[in-house]
Amino acid sequence: MSGAGQEPGCLAWLQLPRPAVMGLAAVCDITFNYPLWIVAKRTGAGLPLPRSVTETYKGGGLLWFSLFPTTAVEDGMTTLGAQSLGGAVSAAVSGGVAAVCV
């Protein structure tokens, strides 16, 4: 999780596998950013603001189920290809692989 010469992160004591950390990060991203995105989209379309929390987060679970696998495949491919292809090329290739696989 932390590379050579790097200090462990603040959640290192949890000792979670990398995919679990990525899933948790995706949950945090959707929890905090999704409502802001929904409000901006509705405001831009001239629609009223959501009336409740459940209406605000409607579709958030489906977003997680599409976001997390894509991010996990990209991260895995970037990690696997970083040594053979280099960081930037590996990251570019991983996006295409994730688009095809997920």
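Nothing fancy with the numbering, it's 1 onward along the sequence.
Of the possible polar contacts, none joining the Arg42 side chain to the Leu47 backbone as a donor-acceptor pair under 3.5 Å is found.
For the atom pair OG1 of Thr31 and CG of Leu24, the computed distance is 9.0 Å after rounding to the nearest 0.5 Å. Separation of atoms NZ (Lys41) and CG (Leu36) is listed at 13.5 Å; rounding is to 0.5 Å.
Heavy atoms only, all atoms of each residue included: Glu74 and Ala98 are closest at CG-CB, 3.4 Å.
Annotation for Ile38: hydrophobic cluster partners, listed by chain and number, are Met22, Val27, Ile30, Tyr34, Trp37, Val53, Tyr57, Leu63, Trp64, Phe65, Leu67, Phe68 (ILVMFWY side-chain heavy atoms under 4.5 Å, direct or chained).
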